[in-house]
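Comments concern the structure below.
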Amino acid sequence: MIDPNPAPTTAAQVVRVSLFRRLLKHPTGLTAMIFLIVIVLSAVLASVLAPRNPDLADINAVLANPSLAHLMGTDSAGRDVFSRLLFAGRFSLAGALLALVVAAVIGVTGGLLAGYYGKWFDAVSSWLTGLLMALPGIVVLLAARAVLGPSMWLSMGIFGVLMSPAFFRLVYASVTAVRNELYVDAARVSGLSDARIIGRHILTVVRAPAIIQAATIGGIAIAIQAGLEFLGLGDTSIPTWGSMLNDGFTNIYTNPLLILWPSLAIGLTCIALTLLANAMRDELERSSSKPKRRRGAARAMVSIEKEPVLVHPEVVTEREFGEELLKVSDLAVGYDQPDGSIKTVVQDVSLVVRRGEVHGLIGESGSGKTQTAWSILRLLPEGGRVVGGSIFFEGTDLAHASEREMTRIRGKKIAYIPQEPMSNLDASFTIGSQLVEPMRVSLGISKAEAKKRALALLAKVGIPNPERTFAAYPHEVSGGMAQRVLIAGAVSCTPDLLIADEPTTALDVTVQAEVLDLLRELQAEFRMGVVLVTHNFGVVADLCDQVSVMRDGRIVETGPVKSIFADPQHPYTRSLFAAILEDGEARGPLVEHAVGSATSVTPTAAPREGASS
Amino acid sequence: MSESLLVVDDVVVEYPIKGFRTPPFRALKGVSLDIRAGETVGLVGESGSGKTTLGRAVLGLAPVTGGAIRYRGSDISHLGRAGRRALSSEIQVVFQDPYTSLNPSMTIGQILSEPLTVRKVSQRDASARVVQLLDQVGLPKGAEDRLPREFSGGQRQRIAIARALALEPRLIVCDEPVSALDLSTQARVLDLFRDIQEETGVAYLFVSHDLAVVRHLSHRVAVMYHGEIVEWGDADQVTARPEHPYTQRLFLAAPVPDPVRQEQRRADRLRLAEQQRELAVQGGAVV
Amino acid sequence: MFTFILRRIVSGAVLLFVISTVAYFLLYLGGGDIARRILGQSATAATVAQKSHELGLDRPLPLQYLSWLGGAVHGDFGSSWFTGEPVATAITSRLAVTLSLVIGATVVSAIIAVVLGVWAATKRGWIDRVVQVVSILGFAIPGFLIALALVLYFAIALKLFQPTGYIDLGTSITGWLSTVTLPIAALSIGSIAGITAQVRGSVIDALRQDYVRTLRSRGLSSRRIVFKHVLRNAGGPALAVLAVQFIGLLGGAVIVEQIFAIPGIGNVSVTATSQGDIPLVMGLVIATAALVVIVNLLIDLLQGWLNPKVRLS
């Protein structure tokens with residue numbers, strides 16, 4: 001039972017190694033990295049590589065053109081440009097590095113402390129960063145230069161302080177996001193010390209973005225340092241790329257070539273740093289996007305073997321249905337993959353909805369029920385499309401209709417009720433305007449008329465004070481109210497068909513019951529056909545006439561609700577019914593076992609009698 | 001009282017609200033219950049009822065401003081960090097969301113061995129324990145070298161349960177541990193909870209919004225509403241024949257997966273709502 | 001809304017006060033023997049003391065500061081030690097020039113960036129990739145290198161524009177245009193790149209929001225949703241970047257003005273800095289800080305207008 005690999009690599013190593021390795025496969029990332037290594041090496045080895053003393057002035061060879069003796073020519077004092085460029089790299093890079101280190105040390109520590117401990121430290125440091133960010137860096141550097149004199153190191157140190165908010169904000173944002181993650185709570189409950197939580201759980205999250213930020217900041221530091229020297233405010237005793245640029249600029253009319261070499265050095269280094277940062281970000285996003293599982297995200301089907309759909313025969317009910325509204329035949333939905341292939345997530349789905357009929361689509365996550373619903377509206381997420389079959393609605397095949405036709409049909413003929421009430425309202429607009437706008441567009445009515453109808457609708461869906469809700473912003477109403485607003489919006493143009501995607505899943509159970517009542521009333525009143533997507537058999541039992549059970553993108557069993565609930569045929573449907581807890585036995589009171597020290601078998605009376613009256 | 005593992009005694013939790021002289025938000029308004037060794041106490045309520053807050057208060061993650069939480073006789077509601085650390089081998093947690101409760105950049109082995117290694121358990125013993133834990137929660141061997149994202153929701157929840165079990169606690173706070181899972185996965189994870197309890201004698205404070213889930217697993221059930229416990233007692237009685245008007249509403253609001261009985265329940269619910277409205281009107285008239 | 005504006009104004013004033021205090025003490029404490037620096041090493045101790053007294057430097061620093069602050073509140077920021085010109089006039093006359101550059105660059109870059117960003121975000125494909133690559137390069141290359149390239153090519157090689165100098169807007173509009181086009185272009189490229197990336201990102205992000213699907217389901221066209229709902233929601237982050245870019249442009253102007261020999265605030269700063277003209281430097285710090293505070297206030301108000309949550313909190 002002993003693990004053959006007793007020393008697992010730490011998470012830090014896993015992430016770092018893989019990011020570095022992946023960078024090697026990223027063409028721009030690799031190029032940028034190689035370029036930067038060359039630049040750094042040439043600066044470090046300047047004394048070996050440089051053919052001449054960079055400070056040796058040759059009066060006889062002032063502003064010489066490139067030659068074998070002077071590869072890049074000479075400057076206004078007759079010094080060898082190539083040698084100077086190499087030595088200047090030392091100072092320019094070291095200066096940028098100093099700024100970077102200062103910024104990173106201050107910003108990362110500050111961000112970690114402020115983010116993790118919060119309270120007053122948080123307030124003070126946030127205010128300080130605001131202060132630092134309120135001033136253009138170069139103005140502060142000029143002011144510092146005015147008092148402290150021309151020291152490149154001092155300027156870069158100060159610039160590091162000025163740039164520290166860039167790290168601070170990044171780290172602070174990541175830490176506050178992570179601090180409330182459940183896994184940090186779990187670590188705390190596991191008895192980990194704060195230092196360990198910060199080191200193990202928080203630093204790992206912050207590290208990669210901080211490295212990316214460092215590359216960006218390094219580029220800015222090189223640019224600003226060159227800028228200062230270029231203005232002639234630098235230290236004249238040391239060669240830097242900026243001071244070489246200054247020399248070139250003063251001789252721009254006599255020898256424009258002089259400006260080229262330092263420009264290339266500065267420009268290419270900055271570009272390489274930015275490209276490297278971008279490459280790292282690309283790779284990081286690619287790796288972190290995988291675990292994210294968004295709701296309704298398309299998942300490839302596993303093991304699709306075509307099998308016949310179990311169809312329960314029609315039964316006579318007291319409910320009467322009208323003509324066929326929607327006829328979906330052999331629908332297939334696919335997502336384009338980066339490699340050009342198509343990942344199929346829904347296949348061979350056929351269903352019919354008649355006027356006044358509620359058709360439930362039930363299944364577990366990834367069964368394709370939401371994908372089917374969205375494809376009827378032709379509102380699949382980016383990359384998704386109908387790849388086979390037809391969707392006939394009132395004589396039009398929606399699978400092949402143009403976007404224009406769909407825009408005309410949506411809202412007016414087919415409406416949609418989403419799952420999450422809050423995220424489905426635009427937080428920047430009032431509830432009223434979000435109801436009025438579609439009515440004006442779809443029905444072509446006046447603003448006043450639309451408002452009148454919107455208020456009537458709000459009253460109809462059971463909102464106690466329609467005028468107030470009309471004027472409110474989405475974040476000012478509760479989830480249950482927001483869902484009523486969305487239902488009002490869906491029926492505002494009296495559609496024939498309603499697509500409801502888990503309309504009560506995000507709601508509390510008492511609110512769910514009320515919303516189900518509302519849906520039933522509206523459905524009966526407008527005699528709408530409804531496609532109801534849900535994972536809850538109770539909701540199906542409450543509202544649906546027909547139900548189709550979906551698994552892995554296919555319908556496995558379909559028929560009238562009563563007949564399927566009474567006699568499920570497909571093994572999968574049966575397994576779902578078996579998992580339902582609603583009718584199960586209660587566990588019963590605690591019985592004295594060999595384990596535990598419990599002696600009582602009857603529950604104690606409610607400790608606060610008053611609470612239950 | 002001495003036989004109880006955990007006693008929650010008139011606990012108040014208040015969160016300060018930003019703003020000058022704004023009164024704090026009272027998430028719990030004097031809540032009392034107790035949990036015995038080896039017992040599951042179910043805590044039911046809707047969003048905002050305070051059920052999650054009570055779980056967090058027991059874990060030391062919510063500020064207790066009144067009352068006391070006693071674990072085996074001693075008050076743990078105001079423990080410092082060191083005291084909490086000592087308690088971590090007694091009280092553990094399984095959270096709701098299987099996607100955010102595991103650090104995405106750590107392997108399963110690291111996640112499970114972390115609580116052990118901080119307690120100076122040798123790397124070798126910790127690895128052995130990890131293998132044992134994975135086996136206990138029904139995960140395949142070799143899972144320890146993989147990252148959380150390689151597992152499904154149900155498997156992740158098993159990992160979270162294994163982490164909670166690592167220190168062999170006597171109480172696990174379970175905060176909606178199955179509500180993010182699919183129906184069939186949910187049933188299997190609940191069975192796992194039950195098996196582990198029967199095997200180890202651990203007690204659960206099981207927080208859920210779903211009456212059926214709580215009924216399935218709990219010996220006793222407390223119903224929360226607006227920061228208070230409104231009904232508390234034997235699980236079968238509370239979840240099938242509730243006495244408090246709110247619990248009655250809650251009970252009848254959940255749709256039954258049977259079209260015929262649901263029609264009946266709907267009628268019952270509307271009748272109850274009517275009755276309660278009339279009562280409220282009468283009560284209002286009297287007062 | 002009123003309290004929201006008031007709170008921002010007060011916090012801006014406090015920020016300005018803190019900056020002025022910190023800057024004053026650092027500038028006057030860090031400078032060592034200021035009179036000696038002005039007069040040079042050859043001056044006698046007596047003349048140095050005389051100069052110190054003349055400039056009021058022999059008083060305790062807090063007193064000096066209080067009298068400076070008293071003057072500053074009334075718009076008197078002292079006089080330059082070298083030219084004797086009042087700091088206020090020295091700065092305001094040049095500030096207009098710099099502002100015409102910076103505001104011009106802000107407007108140009110905001111417009112171009114919004115167009116490019118929305119275009120890239122909604123069309124995606126190769127257009128998106130080109131926009132991304134160009135904006136990465138634009139962001140990476142330091143502004144003054146772009147300025148140098150523009151001078152070399154358009155002014156010196158093609159002789160399309162004046163390489164240096166400045167013609168006032170009041171004197172001649174075409175003259176003004178011929179002198180500011182290159183500097184504005186040099187300043188804008190970097191901020192266009194920065195804002196475009198942000199606009200693109202937030203538009204893509206906003207397009208993925210659930211409410212976009214719901215709005216489409218109500219029969220609104222994609223174009224309408226992008227221009228009314230998505231842009232408004234993407235506006236917040238874009239405005240925040242615009243504020244940062246404005247501060248960057250103020251700094252960038254200092255260098256760009258040197259290249260094009262434009263008599264703006266950058267010009268004064270460099271001279272004041274190399275001479276160690278502390279009152280002038282102090283005035284410059286205050287002027288830029290005030291500008292930044294005002295711009296941030298405007299951006300905050302715009303944010304409040306765009307996003308009801310900001311307004312109500």
Side-chain angles (χ1 to χ4, degrees), chain A residues 1-3 6-8 11 15 181-183 185-186 188-194 196 201 204-205 290-291 293 364-365 508-510 512-513 516 535 537-539 541-542 561-562 565 575-576 579-582 584 586-590 593 595-600 603-604 606-608 611-612, chain B residues 3 32 36-39 46-47 59 61 85 88 92-93 95 97 100-107 109-110 114-115 118 123-124 127-128 131 149 182-184 187 201 212-213 215-220 228-236 239 244 249-250 253-259 262 269:
Chain A
M1 288 296 272
I2 286 172
D3 193 330
V15 174
E181 288 280 0
L182 288 175
Y183 65 80
D185 279 342
R188 228 173 272 160
V189 175
S190 296
L192 267 62
S193 62
D194 282 358
R196 203 182 158 90
H201 291 270
T204 46
V205 176
K290 254 185 250 162
R293 208 188 69 169
E364 305 203 312
S365 52
D508 272 328
V509 64
T510 48
Q512 161 172 293
L516 288 175
H535 67 280
F537 277 98
V539 170
D542 190 61
V561 164
K562 281 185 181 162
F565 274 71
S575 75
L576 287 181
I580 293 174
L581 298 172
E582 252 80 9
R587 191 167 174 191
L590 180 64
H593 273 303
V595 293
S597 60
T599 50
S600 163
T604 53
R608 277 161 50 85
S612 58
Chain B
E3 74 206 39
S32 303
R36 285 173 235 146
E39 185 187 33
E46 295 186 300
S47 53
L59 293 166
L61 298 171
R85 266 206 291 287
S88 61
Q92 271 302 323
V93 66
F95 286 114
D97 190 340
T100 59
S101 67
L102 304 174
N103 187 335
S105 62
M106 287 168 73
T107 65
Q110 289 162 3
E114 187 173 44
V118 293
Q123 192 64 251
R124 196 185 187 83
S127 300
V131 172
R149 63 162 171 263
D182 274 331
L183 192 57
S184 43
V213 165
R215 176 182 164 84
H216 182 72
L217 202 66
S218 305
H219 300 103
R220 289 186 295 163
E228 288 178 84
I229 290 182
V230 294
E231 189 159 357
W232 161 232
D234 174 70
D236 188 38
T239 57
H244 189 274
R249 284 210 300 280
L250 197 65
V256 237
D258 179 339
Q262 172 56 18
R269 174 166 55 81

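Lettering follows sequence order; numbering is per chain, from 1.
- Heavy-atom pairs under 4.5 Å with chain A peak, among B/T100, B/D258, B/D236, B/N103, at B/N103.
- A distance-only check finds no donor-acceptor pair linking the side chain of B/D182 to the backbone of A/E364 [under 3.5 Å].
- Side chains of A/P589 and B/H219 form no contact here, defined as non-hydrogen atoms less than 4.5 Å apart.
- Here the closest non-hydrogen pair linking B/P104 and A/Y183 is CD-CE2, 3.6 Å.
- Judged by distance alone, with hydrogens and angles left aside, the side-chain atoms of A/D542 form no donor-acceptor pair with the main-chain N or O of B/P255 at under 3.5 Å.
- In plain terms, the two heavy atoms of A/F537 and B/P257 that are nearest each other are CB-CB, 3.6 Å.
- Contact tally against chain B (heavy-atom pairs below 4.5 Å) for A/L581, A/L516, A/D508: the top residue is A/D508.
- In terms of heavy-atom pairs under 4.5 Å with chain A, the best-connected choice from B/P259, B/A212, B/A187 is B/P259.
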*Tell me, with the steps shown, if B/E114 and A/S190 meet side-chain hydrogen bond (donor to acceptor under 3.5 Å, both in side chains).*
CA-CA 8 Å; B/E114 187 173 44; A/S190 296; over 6 Å; no
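- The backbone N or O of A/T510 lies less than 3.5 Å from a partner atom in the side chain of B/E46, making a donor-acceptor pair.
- Side-chain contact check for B/R215 versus A/R587: every heavy-atom pair is 4.5 Å or farther apart.
- If you measure heavy-atom distances from B/V118 to chain A, the contacts under 4.5 Å come from the side chain alone.
- Minimum interatomic distance between B/F95 and A/D185 (heavy atoms only, all atoms of both residues): CZ-CB, 3.5 Å.
- Chain A forms the most heavy-atom pairs under 4.5 Å with one residue out of B/S218, B/A254, B/S101, B/A235, and that residue is B/S101.
- The closest side-chain heavy-atom distance from B/L183 to A/H535 is not below 4.5 Å.
- For B/L250, the parts lying near chain A are the backbone and the side chain together; criterion is any non-hydrogen pair under 4.5 Å.
- Taking the side chain as every heavy atom from C-beta outward, B/S88 and A/V189 never approach each other to under 4.5 Å.
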